[in-house]
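Note that the structure is a prediction, hence the values are computed from the model and not measured. Lettering of chains follows the sequences in order, A, B, ..., and the numbering in each one begins at 1.
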Amino acid sequence: MGSTSQTTSVRVRFAPSPTGTLHLGGARTALYNWAFARRCGGTFVLRIDDTDPERSTAENIEQILSALTWLGLDWDEGPQVGGAYGPYFQTQRGDNYARALQTMIDRGAAYRCFCSAEELAAKRDAARKGGGPSGYDRTCRGLSPEESQARADAGEPYVWRLAVPEDRGEVIVDDIVRGQMAFPADALDDMVIVRSDGSPTYNFASVVDDIDMGITHIIRGDDHVSNTPRQILVFEALGDALPRFAHLSMIWGQDNKKLSKRHGATGVEEYDALGYVPEALVNYLALLGWSLDGETTIVSPRTLCEHFSLERISKNPAVFDTAKLEWINGVYLREMGAEEFARRGLVPRLVAAGLVDAGDYEARADWYHELAPLVSERIKLLTEVVPLCGFLFVDAVRVDEKAQAKVLDKDPEAVSVVVAAALTALAEVAEWSTPAIEAALKDLPEVLDMKARVVFQVIRVAITGSQVSPPLFESMALLGRERSIARLQAI
RNA sequence: GGCCCGUUCGUCUAGCGGUUUAGGACACCGCCCUCUCAAGGCGGAGGUCACGGGUUCGAAUCCCGUACGGGCUACCA
């Protein structure tokens, strides 16, 4: 308890490693940190954990920042915005790590290790065969300070290791999500904290930064659970109080395997191109491992800011389900309102397809606002915009194969009868509007003694080129008199 | 090998010892609405709560074990 009731000084951080782009799991971790900070009136820090210079890239950093921005997860401190605890790149915090190492040396909590990689591998294998823990056997821990210094001075390569206290006993991790976990200290080896090139390892740098940045709650993926007791030892060695921990379970693909490219899009930025709006992805991710009450499925970012809680995070891994994400996306599109849908979804997609100029929206906004709800109600993804209403923006309609076969070729005689009757009826329409068009055409089935569905499908295919479209009369009204008549004549 | 964790309808979940004949959502099926497709409304199917023992008057809920799955076991993060 207490973890969320303390509303004054919560500081959380999302600390991605720019060795890759932001994927769904990372996005959810960022989201939970953000939502928790917002809910508590706390501070959301973005820190770039780039201690692995080999694999970290500027492009990945760019992508991570823009993906977070697209999702609407704004950070209070970090790259681009600065803050009182900077810098926010680990590669720029070397002084802090050096100072922390010195503190640990002074306290006898760190020692040099001269063992070679080969020696270590051999020891590991032997230990594993012996049936026990395979951690470092502490060979160099017994070295006297003098000998250690002498060998270092002689130029022998070494790393710094954490000296796990002999009498430490169990390390208890009190996790908000998982509860208490006990780790026998003898299963925790003396991990490397500073590499032979002088750079800090993740488990060391991360703790030092979390201390220096005043982080109160560490919310991260559960691949870090086993690191946590080691990190706790570093906190203790540095003499600092522990933050609270909350470990999030993994996100799996449909086949219960780790989410990967095989399962489709894994990078956040891909979801924009696929036609999702960020609120929908945020909503879906929020529900993937957390619930408001077990009933509510539409949870807006705003609701998250008001009601998110670490206590309601579930422990078990979740399978990513695209169908549900799509459904949620559809809900957001439908609830958007004509103006917003036109501006955020409809027009951009039409422009991107080269069907209209960006200025066309300004020129006839009302027309677009009429179209918007007809489209938004029928799609789940913005990629469906062009297929559904593209016919309104081309000179001549192109009838798709299925419509040709199932409607036009099925009974050519009926087609010409319907078209002729429709043209005659429409000729009498004075003002070209949805109600007038409807009034002119609604009696046709009866007059022709044909099924309504047959009559209107013929007209629909003539007008839209497809068996599926927005409502017919509205479509014709939006298309305009001349083009509607021309399309009927052309069939 | 060692340490740690997880397991409720196909999927996400509610449930925190009795109010549960296990609730909701997506997906699925049917009906209604209807100019198509959607949306919406109504209804349906779908769970031996991983398995086996205990504790208890009573267990999805507590304990132990087993199975399966996962994480860590790096001079990756």
#### Entry: Base B:rA77 paired with A:Asp223 side chain (donor-acceptor, <3.5 Å)
no
#### Entry: Ion pair A:Asp210/A:Arg47, N-O distance below 4.0 Å
yes
### Query
What's the CD-P distance between A:Gln467 and B:rC37, to the nearest Å?
9 Å
### Query
When the aromatic ring centroids of A:Phe36 and A:Phe308 are compared, is their separation below 6.0 Å?
no
### Query
Between the base of B:rC37 and the side chain of A:Ser469, is there a donor-acceptor distance below 3.5 Å?
no
### Query
Between B:rG2 and A:Ser134, is there an OP1 or OP2 to side-chain N/O distance shorter than 4.0 Å?
no
### Query
Under 4.0 Å between a side-chain N or O of A:Arg230 and OP1 or OP2 of B:rC72?
no
### Query
Do the two ring centres, one from A:His217 and one from A:Tyr32, sit under 6.0 Å apart?
no
### Task
Work out which heavy atom in A:Val397 is nearest to a heavy atom in A:Ile463; give both atom names and the distance.
CG2-O, 3.8 Å
### Query
For RNA chain B, which residues in residues 113-124 of chain A have a heavy atom at a distance below 4.0 Å?
A:Arg124
### Query
Under 4.0 Å: is that the gap between some side-chain N or O of A:Asn203 and OP1 or OP2 of B:rC76?
no
### Task
Tell me which nucleotide among B:rG71, B:rU36, B:rC4 gets nearest to the side chain of A:Arg453.
B:rU36
### Message
With rounding to the closest Å, how many angstrom separate the P atoms on B:rC12 and B:rG70?
### Response
15 Å
#### Entry: Nucleotide B:rG40, atom C1' - distance to CD of A:Glu335 in whole Å
13 Å
### Query
Are the aromatic rings of A:Tyr276 and A:Tyr332 close, with centres under 6.0 Å apart?
no
### Query
What is the base-pairing partner of B:rU34, counting Watson-Crick and G-U wobble geometry with both distances under 3.5 Å?
none
### Message
Please verify the inter-ring angle class for A:Phe245 with A:His247; under 30° counts as parallel, over 60° as perpendicular, anything in between as tilted.
### Response
parallel
### Query
Does A:Arg195 put a side-chain nitrogen or oxygen below 4.0 Å from OP1 or OP2 of B:rA77?
yes
#### Entry: Pairs where residues 448-475 of chain A contributes a residue and the test ring pair (Phe, Tyr, Trp, His ring centres under 6.0 Å) is met, not counting sequence neighbours
A:Phe456-A:Phe473
### Query
When you check every protein heavy atom under 4.0 Å of nucleotides 18-31 of chain B, what one-letter string (B, S, -) results, 5' to 3'?
-----BBBSS----
